[in-house]
Amino acid sequence: MVTAWEFPRNPLNDPSLDDSRLSNEIRSGFRIFTNTRVEAARFTPGRMTCNNCHLNGGQREKSLPLVGLTGMFPEYNRRSGRLFSLGDRIVDCFLRSQNATGSTHEDEELPSLSDREVLALSAYLTWLSKGFEAGKNPPWRGQNTIPAAKLIPVASLQPAKGESIFKERCVTCHGIDGQGVAIGDKRPGPLWGPDSWNDGAGAARVYTLAGIIRYSMPYLDPGSMTDEEAQYLAAFINSQPRPAFPFKDKDYRTEKLPVDSVYYAR
């Protein structure tokens, strides 16, 4: 089992990258991806990093891998009801998963397509996709999904049952308060509270989070949870307080609100 901070491909020690502007942007994107709070501080008021959800620099199978993905853009985004470019998707992650809308600085601008951090991440992800066919979905995409036949109605998912699973299976790394336990100089991202993803993020959906948990957690024994356990655990985590995304009223205007979007008004 490799740790989340080991990378099959690392642009910082890749001899094929020179000192060109593009190579330096690829390296910068990798640094932002793996240390978002420091390298993209103005868009990351909390403690989340890209690497918290997309383990091993976005290169670990069944942990939301991003290898070979850039050729799929532009693609339709159901939440926004329009085509998304790769840059749009990165901006959206900053706004929601990194909670860029939660900055306490009144003069702080929200991330845009032309921002240095967005362009650098685009360069890194495009580098990860080199050699893959554009327009062809890589086979490892979409694996973090609970089968439809196994879904439990959200109303039947008791957070108390998920809390019991959390205390039994998760506190070693995430702590009883869900804020993460330090492992050397590393620390898992917070699962709730003011430093976590906001309530407009993908992980704020119960079934989406359950799919992540089911196949990538527990960290030292991924895939050992059942579909049922992952759903109860996700329901518990998403019953906790987290930052509010201020633009939820603009989501799902053309598409039906998913049943597991528990932070949205119905």
Stepwise side-chain hydrogen bond (donor to acceptor under 3.5 Å, both in side chains) check, Asn24 with Arg21: CA-CA 5 Å; Asn24 286 328; Arg21 179 64 179 269; over 6 Å; no
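- Here the side chains of Leu86 and Thr126 are in contact, with some heavy-atom distance below 4.5 Å.
- Here the closest non-hydrogen pair linking Arg82 and Tyr76 is N-CE1, 3.5 Å.
- Here the side chains of Leu69 and Leu125 are not in contact, with every heavy-atom distance at 4.5 Å or above.
- Here CH2 of Trp197 is found 13.0 Å from SG of Cys93. Values are rounded to the nearest 0.5 Å.
- Hydrophobic cluster membership differs between Met217 and Leu64, with clusters built from Ile, Leu, Val, Met, Phe, Trp and Tyr side chains linked at under 4.5 angstrom.
- Linking Ile, Leu, Val, Met, Phe, Trp and Tyr whenever their side-chain heavy atoms come within less than 4.5 Å leaves Leu119 and Leu110 in two separate clusters.
- Partner Ile26 forms a side-chain contact (heavy atoms from CB on, under 4.5 Å) with one of Leu12, Asp14, Leu17 and no other, that one being Leu17.
- We find the OG-CZ distance between Ser164 and Arg169 to be 13.0 Å, quoted to the nearest 0.5 Å.
- A donor atom on one side chain and an acceptor atom on the other are found under 3.5 Å apart for Asp18 and Ser20.
- Heavy atoms only, all atoms of each residue included: Thr49 and Gln98 are closest at C-NE2, 3.4 Å.
- Aromatic pair Phe30/Phe7: centroids less than 6.0 angstrom apart.
- Heavy-atom minimum distance, Glu39 versus Glu117: O-CG, 4.3 Å.
- Salt-bridge annotation for Arg96 and Asp251: present, with a side-chain N of the basic residue lying under 4.0 Å from a carboxylate O of the acidic one.
- In this structure, Arg60 CZ and Tyr215 OH are separated by 15.0 Å, a value rounded to the nearest 0.5 Å.
- If you take NE2 on His54 and OG on Ser216, they are separated by 10.5 Å, rounding to the nearest 0.5 Å.
- For Trp192 and Phe166, the gap between ring centers is short of 6.0 Å.
- Residues Val154 and Tyr207 form a side-chain contact, since some pair of their non-hydrogen atoms from C-beta on lies under 4.5 Å apart.
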Using the ring-ring contact (aromatic ring centres under 6.0 Å, His included) rule, take Tyr252 and Tyr264 through it: C-alpha gap first, then chi angles, then the decisive distance, then the call. CA-CA 10 Å; Tyr252 300 109; Tyr264 284 71; 5.8 Å; yes
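- Taking all atoms of both residues into account, the shortest heavy-atom contact from Arg79 to Gly202 is NH1-N, 3.7 Å.
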Please lay out, stage by stage, how Asp260 and Arg205 fare under the test salt bridge (Lys or Arg N to Asp or Glu O under 4.0 Å). CA-CA 5 Å; Asp260 63 331; Arg205 289 179 53 185; 2.9 Å; yes
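- Transitive grouping of hydrophobic side chains (ILVMFWY, heavy atoms separated by less than 4.5 Å) brings Ile176 and Ile213 into a common cluster.
- A distance of 8.0 Å separates CG of Leu233 from CZ of Phe236, quoted to the nearest 0.5 Å.
- In this structure, CD1 on Ile32 lies 6.0 Å from CZ on Phe94, to the nearest 0.5 angstrom.
- Side chain of Gln231 to backbone of Ile152: a donor-acceptor contact under 3.5 angstrom is found.
- Under the 4.5 Å side-chain contact rule for hydrophobic residues, Leu113 and Leu22 share a cluster.
- A centroid separation of 6.0 Å or more is found between the aromatic rings of Trp127 and Phe33.
- Relative to the six-membered ring of Phe84, Arg89 misses at least one condition, a distance below 6.0 Å or an angle of at most 45° to the axis.
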